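Predicted model, so just to flag it, every value in this text is computed and none were measured.
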Amino acid sequence: MGMDYYKTFILKTTLLALSFALAICLVSIPVTMAQEEAAEETEMAADEDVIELEEVVVVGTRAAPRSVLESAVPIDIVSNEDFQKQGSTDLPNLLRTLVPSYNVNTQPISDAGTVVRPANLRGLAPDHTLVLVNNKRRHRAAVIHWLGNGLADGAQGPDLSPIPAIALRQVEVLRDGASAQYGSDAIAGVMNFQLRDDYEGGSLEFKPGIYQYGDGRQFSIAGNIGLGTPDTWINLSLERGGSDPTVRSVQRDDAKALEMAGNTNVRNPAQIWGQPIVESDLKFFANYGSTLSDALDFYGHANYASKRVEGGFYFRNPNTRGAVFSSDSGETLLVGNLSGLEEGADATADDIPIVDNVPDQEMLTAVRNDPNLFTFQEMFPGGFTPRFGAFMIDSSVLIGVKGEMLEESLGEPVSWDLSAYFGRNHADFFIFNTVNASLGPDTPTEFDPGDYIQTNYNLNLDVTYPLHELVFLASGLEYRNEGFEIAEGQRESYQIGPLASQGFSAASNGFSGFSPIACLDTF
């Protein structure tokens with residue numbers, strides 16, 4: 001790729017941004033004129049009075065919303081303007097630079113941790129932080145982390161990346177243990193994402209970026225628009241983006257030794273270390289509401305997000321990789337006998353000695369010419385590096401009604417809130433440029449290992465009554481159902497093939513597929 005490719009990339013993305021901006025402007029010009037007229041009338045009516053509205057938060061209290069200064073617990077407020085000043089396009093990365101004690105990083109060669117990156121608050125596991133959207137619990141991601149930087153192992157927390165930053169009015173972060181108020185998944189704290197509720201106007205953001213020429217190109221184009229009236233409104237946000245991989249690799253020492261020995265089939269670099277590929281990253285959020293009467297309001301929000309994430313695994317050396325190329329750490333090549341041996345029988349082929357990273361060429365040629373013998377150097381003479389990832393789909397919808405009931409005998413009104421929520425996160429895994437070694441030459445090199453699917457159903461009723469300015473009675477009822485499903489993978493991705501008895505590994509190398517037995521372990 002030369003400079004022309006880079007110029008074409010910038011030109012295309014710029015034209016796309018200008019087209020989107022024109023569409024937003026056509027909708028927002030009449031609204032903007034109305035806003036200017038209203039602003040002029042407000043300035044004329046308030047020449048002498050200046051009203052300053054403090055930031056109001058709802059986390060960390062069962063009583064009425066309060067300002068940050070009045071809160072008894074440490075709360076950080078991150079506004080939409082703070083996000084606009086950052087160069088990143090991914091919400092977890094944006095929060096990392098703005099919220100103390102919040103950490104998330106790229107997870108190269110970490111299985112599903114590359115697809116859904118584990119985040120932590122105050123050094124605790126991802127599922128120890130309660131994540132709310134408009135004060136309502138958000139569903140978990142489908143990925144259970146096993147290679148997630150240690151502290152995340154076995155954790156299953158929500159995924160923040162499907163939330164477009166342009167959809168947020170502010171983020172409230174309670175950096176303190178709150179399990180007494182919110183439950184056991186708030187040990188590290190609470191993050192409450194408040195969506196924008198503008199019913200007019202719009203905005204557009206375009207963020208192209210690159211680490212260095214030809215490495216880590218990324219872009220994001222996002223728009224937000226409010227429609228309706230103060231009584232019935234909807235706020236829509238849409239973001240589309242993607243990023244190329246970063247390559248922070250030098251050639252591995254063992255790959256260099258293969259090249260020096262004359263192996264011309266080794267890729268350079270044989271193993272890529274850096275951020276994964278993110279393609280077709282689409283995020284949509286809708287926030288809506290309506291005033292049904294003086295004491296009754298309807299509200300809700302919904303989202304849909306999809307993307308393709310692809311990363312890599314470790315290099316499989318063509319001389320030393322156990323159970324694929326060798327069974328003795330590279331002293332000899334592993335040779336399979338395809339002559340119809342029954343499972344459990346011993347192969348009659350002699351393994352091929354390797355001296356100075358070079359297999360005995362005479363014996364290797366003899367094996368290749370014998371239709372009953374096989375070595376994976378015939379398929380991958382330079383070794384191979386599996387590529388792994390997933391197609392991610394995230395969706396949710398919430399509807400609710402809230403209001404007040406005034407009973408003369410009680411004096412103060414009783415506030416109530418009834419809501420229903422459904423959330424779903426789906427990870428459809430894939431792996432390619434790898435083998436099921438036990439199948440020998442009949443192995444595919446691309447596999448569908450299966451799916452993880454997480455679903456959440458929540459039904460909530462909250463009732464509060466003020467006894468005093470500082471004393472409230474609060475009660476609630478919740479029905480919650482969480483389901484986790486494992487979908488069976490392609491048969492070859494978990495199959496134990498005929499060469500397994502000869503020392504060749506079964507299942508797709510790097511990430512084994514989910515067999516019917518694994519799919520029974522769901523709840």
Side-chain angles (χ1 to χ4, degrees), residues 1 105-117 142-143 145-148 161 211 214-218 242-252 254-255 258 263 265-281 306-318 320-325 376-393 426-439 441-452 487 489-495 505-514:
M1 295 184 294
N105 50 58
T106 301
Q107 297 285 330
I109 313 183
S110 294
D111 284 2
T114 301
V115 178
V116 177
R117 296 180 298 158
V143 169
H145 299 286
W146 297 114
L147 298 174
S161 61
Y211 285 95
D215 178 54
R217 284 189 302 268
Q218 58 183 319
S243 62
D244 290 345
T246 56
V247 181
R248 299 293 179 263
S249 310
V250 296
Q251 187 64 305
R252 292 168 50 115
D254 59 344
L258 291 169
N263 191 329
N265 297 293
V266 181
R267 296 188 63 178
N268 191 358
Q271 174 183 309
I272 295 177
W273 191 271
Q275 75 175 24
I277 301 172
V278 180
E279 297 178 330
S280 304
D281 191 3
S306 64
K307 63 181 176 181
R308 180 185 183 275
V309 182
E310 178 192 324
F313 284 163
Y314 290 106
F315 173 60
R316 275 54 172 162
N317 188 295
T320 63
R321 182 68 183 188
V324 179
F325 292 102
F376 273 99
Q377 281 225 358
E378 298 178 30
M379 294 180 65
F380 296 99
F384 62 92
T385 304
R387 299 290 295 174
F388 171 79
F391 295 96
M392 297 293 302
I393 298 178
H426 181 188
D428 182 4
F429 297 109
F430 60 83
I431 187 170
F432 62 94
N433 199 43
T434 189
V435 298
N436 180 339
S438 66
L439 296 177
D442 295 329
T443 178
T445 58
E446 299 181 9
F447 300 87
D448 177 8
D451 306 29
Y452 282 164
Q490 173 186 347
R491 185 172 185 271
E492 292 85 352
S493 69
Y494 59 82
Q495 183 179 0
S505 62
S508 47
N509 191 278
F511 191 90
S512 301
F514 308 132

Open item on the list: With a 4.5 Å cut-off on side-chain heavy atoms, are Thr445 and Met379 touching?
Closed with: yes
TODO: Determine, stepwise, if the pair Gln275 / Ser243 fulfils side-chain contact (heavy atoms from CB on, under 4.5 Å).
DONE: CA-CA 9 Å; Gln275 75 175 24; Ser243 62; 3.9 Å; yes
- [ ] Could you pull out the closest heavy-atom pair between Ala142 and Ala427, with the gap in Å?
- [x] CB-N, 4.3 Å
Task: Side-chain H-bond candidate by donor/acceptor type, Arg252 with Gln271, under 3.5 Å - done: yes
- [ ] Give a yes or no answer on whether the side chain of Asp244 reaches the backbone of Gln218 with a donor-acceptor pair at less than 3.5 Å.
- [x] no
- [ ] Find out whether Trp273 and Thr246 are in side-chain contact, i.e. whether some heavy atom of one side chain is under 4.5 Å from a heavy atom of the other.
- [x] no
Open item on the list: Could you tell me if the side chain of Asn105 sits less than 4.5 Å from the side chain of Arg117, heavy atoms only?
Closed with: no
Task: Ring centres under 6.0 angstrom apart (Tyr452, Phe514) - done: yes
TODO: Locate the shortest heavy-atom distance separating Thr106 from Pro276; write the atom from each residue and the value.
DONE: CG2-CD, 3.9 Å
- [ ] Without swapping roles, check the side chain of Glu310 against the backbone of Val278 for a donor-acceptor pair under 3.5 Å.
- [x] no
Task: Basic-acidic side-chain contact under 4.0 Å: Arg248, Asp215 - done: yes
Open item on the list: Nearest 0.5 Å, please: how far is CD in Gln495 from OG in Ser512?
Closed with: 13.0 Å
- [ ] Indicate the ring-plane relationship of Phe391 and Phe430, choosing parallel, tilted or perpendicular according to the 30° and 60° boundaries.
- [x] tilted
Task: Atom pair OG/CE of Ser280 and Met392 - distance to nearest 0.5 Å - done: 14.5 Å
- [ ] Could you walk me through whether Gln251 and Val266 pass the side-chain contact (heavy atoms from CB on, under 4.5 Å) test, one step at a time?
- [x] CA-CA 10 Å; Gln251 187 64 305; Val266 181; 4.1 Å; yes
Open item on the list: Taking the side chain as everything from C-beta on, heavy atoms only, tell me whether Thr434 gets closer than 4.5 Å to Phe388.
Closed with: no
- [ ] Decide yes or no for Ser493 and Ile431: does some side-chain heavy atom of the first lie under 4.5 Å from some side-chain heavy atom of the second?
- [x] no
Task: Minimum heavy-atom distance Tyr314-Pro386, with the two atoms named - done: O-CD, 3.6 Å
TODO: Starting at OG1 of Thr114, measure out to NE2 of His145 and round the result to the nearest 0.5 Å.
DONE: 10.5 Å
Task: Sub-4.5 Å side-chain heavy-atom contact between Asp448 and Arg491 - done: no
Open item on the list: What's the separation between atom CG in Asn433 and atom CD in Glu446, rounded to the nearest 0.5 Å?
Closed with: 9.0 Å
Open item on the list: Measuring only between side-chain heavy atoms, which start at C-beta, is Phe447 closer than 4.5 Å to Asn436?
Closed with: yes
TODO: Provide the closest heavy-atom pair for Pro269 versus Ser249 in the form atom of the first, atom of the second, distance.
DONE: CB-CB, 4.1 Å
TODO: Take Arg267 and Thr385 through the test side-chain contact (heavy atoms from CB on, under 4.5 Å) and record every step on the way to the result.
DONE: CA-CA 9 Å; Arg267 296 188 63 178; Thr385 304; over 6 Å; no
Open item on the list: Check Lys307 with Glu279, please: is the shortest side-chain N to carboxylate O separation under 4.0 Å?
Closed with: no
TODO: Let me see the working for Arg316 and Asn509 under side-chain hydrogen bond (donor to acceptor under 3.5 Å, both in side chains), right down to the final yes or no.
DONE: CA-CA 10 Å; Arg316 275 54 172 162; Asn509 191 278; 2.8 Å; yes
Open item on the list: So Leu258 and Asn317, do their side chains get closer than 4.5 Å, heavy atoms only?
Closed with: yes
TODO: Locate the shortest heavy-atom distance separating Gly113 from Gln107; write the atom from each residue and the value.
DONE: O-CB, 3.5 Å
Open item on the list: Centre-to-centre under 6.0 Å for Phe429 and Phe511, is that the case here?
Closed with: yes
Open item on the list: Test side-chain contact (heavy atoms from CB on, under 4.5 Å) on Val324 and Phe380; report intermediate values, then the result.
Closed with: CA-CA 11 Å; Val324 179; Phe380 296 99; over 6 Å; no
Task: Closest approach of Gly513 to Ser508 (non-hydrogen atoms, all atoms of both residues) - done: N-OG, 3.6 Å
